[in-house]
Amino acid sequence: MGSVYALIDANNFYVSCERVFDPRLHHKPTIILSNNDGCIIARSEEAKQIPGLKMGVPLFQVEHIIDACGVEILSSNYAVYGDMSQRLMWSLGAFTPALEVYSIDEAFLDLTGCLNNHRDDHYSRDDEETLDDLGRRIKRTVRQWTGLPVSIGFAPTKTLAKLANHLAKRRPELRGVLDLTQADGREEALAQTGVEKVWGIGRAYAKLLQDAGITTALELSRVDRRWARQRMTVVGARIVEELRGVSCLPIECCPPPKRSITCSRSFGMIVESVDELREAVRFYTARAAVKLRRGGLAAGGVTVFIQTNRFSREDEQYANAWTTELALPTDSTPELLGWTLEGLKRIFKTGFRYKKAGVMLHGLVPASPLTIRAWDDKAFQRSRRLMETIDKINGKFGRDTLRFGAVSNDESCGRWRTRFAHRSPRYTTRWSDLVQIAN
DNA sequence: TCTGGGGTCCTAGGACCC
DNA sequence: TCTGGGGTCCTAGGACCC
């Protein structure tokens with residue numbers, strides 16, 4: 001048998017996480033909202049059946065449907081989703097170390113050779129586990145260990161495994177597992193899959209392909225290599241190869257080092273004063289810096305940006321960004337704050353109604369003290385020890401126990417802060433939010 | 001009234017070098 | 001008529017993913 005990849009992901013991940021802790025939500029149409037409760041970003045199966053409740057739709061446009069159909073709405077609760085994601089990945093790690101965490105709710109597994117362990121021993125053919133058996137065993141295990149329902153696709157390439165997973169979800173008779181490692185059956189599966197569903201084919205390429213008369217994954221797998229290379233770059237050429245069963249994309253067990261870190265948010269309410277904007281930028285800088293240090297990195301460049309509400313027809317629009325390269329990379333919050341606040345001062349213009357701001361760190365390098373700053377830079381080394389201490393305290397007693405800069409006064413009261421009107425408890429990351437069971 | 005956030009990769013074209 | 005050749009680096013923009 002050749003290479004075997006699996007793509008495993010949770011069904012309706014955010015909704016499933018909520019259901020683990022709130023069984024009342026089972027069988028009810030449920031949707032999860034983006035920051036500020038703005039858009040629909042996840043839906044239960046029941047919600048998907050309701051016309052109009054599409055992904056990415058702003059909540060205010062479908063409020064009448066929500067009311068009429070009794071849809072449960074929840075703000076997103078990333079503390080819970082992040083923690084459940086870890087549990088999911090740990091569970092999958094029990095099956096193979098060759099695991100690539102691809103997103104918050106999905107992972108690729110390299111299972112090549114995992115099934116043939118019994119070839120030379122006393123097991124008879126009938127006792128051998130098939131990939132389908134293995135898939136169901138993984139499903140059962142994950143369900144038992146995390147409470148999450150998952151779907152699984154097996155195939156000789158990652159792109160085909162994605163496709164198999166997609167079909168496993170959409171064909172109820174498969175009960176969540178599809179094995180496309182064998183050539184027979186693959187053609188039919190590809191013929192049944194629209195080209196726009198193929199991993200790596202987005203809106204633009206789907207249009208390009210459809211204009212060329214290519215509407216199914218099977219047809220895409222048969223296009224001329226040079227044509228694909230020319231019209232869709234090497235990315236497209238690889239997709240075609242992968243659909244033919246030629247693996248071009250290996251499992252990446254160790255994620256490559258991050259190249260940039262961003263922290264940005266739309267505001268809960270419109271902000272006009274530079275003071276409030278400064279408060280938001282300070283908050284985003286501190287968050288980005290924590291991510292930076294958690295990754296053991298230092299930033300060699302900083303960008304700060306602000307923008308007005310791009311959807312507003314009445315407001316005059318303004319968006320600007322300021323970037324600087326740092327002479328010496330840093331991972332110190334106060335140093336980064338110095339730059340982002342300086343940038344804000346330069347791009348802020350009075351008289352605009354601001355809706356969003358953000359901070360980006362780039363030029364990331366490992367934060368080994370030897371590489372980022374000389375040992376005799378006493379002030380810097382002291383600031384690093386301070387950061388380390390603050391991170392430790394916040395790790396132990398909760399985010400923002402210690403923080404930089406002024407606290408909001410009653411006047412501004414953090415109008416920029418994200419709204420989560422329907423957020424569930426942080427069941428797994430706050431003692432006070434732990435589920436209690438009466439006896 | 002109300003519209004998310006955080007990433008990566010690839011290419012073309014310009015600037016610049018010898 | 002005809003105006004070198006080859007390389008690197010950077011950036012902006014486009015495409016994609018979840």
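- Between dC17(C) and dG4(B), the two C1' atoms lie 15 Å apart (nearest whole Å).
- Distance Leu249(A) CG to dT8(B) P: 17 Å, rounded to the nearest Å.
- The distance between atom NE2 of His362(A) and atom P of dG7(B), rounded to the nearest whole Å, is 12 Å.
- Rounding to whole angstrom units, CD1 of residue Ile201(A) and P of dC17(C) are separated by 8 Å.
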Phe283(A)/Trp416(A) under ring-ring contact (aromatic ring centres under 6.0 Å, His included): CA gap, chis, key distance, verdict: CA-CA 10 Å; Phe283(A) 181 83; Trp416(A) 52 275; 5.1 Å; yes
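- Salt-bridge formation is not detected for the pair Arg419(A)/Asp37(A): no Lys NZ or Arg NE/NH1/NH2 atom is positioned less than 4.0 Å from an Asp or Glu carboxylate oxygen.
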Pairing annotation in dot-bracket form, given for DNA chain B with Watson-Crick or G-U pairs under 3.5 Å and | for cross-strand partners: ....||||||||||||||
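- Going from atom CD1 of Ile239(A) over to atom P of dA15(C) covers 14 Å, rounded to whole Å.
- Contacts between residues 202-215 of chain A and DNA chain C, defined by a heavy-atom separation below 4.0 Å, involve Gly202(A), Arg203(A), Ala204(A), Tyr205(A), listed by number.
- Spacing between atom CD of Glu100(A) and atom P of dC18(C) amounts to 12 Å, rounded to whole angstrom units.
- Contacts of residues 319-326 of chain A with DNA chain B (heavy atom under 4.0 Å): none.
- Rounded to whole Å, the distance from CD on Gln230(A) to C1' on dA12(B) is 14 Å.
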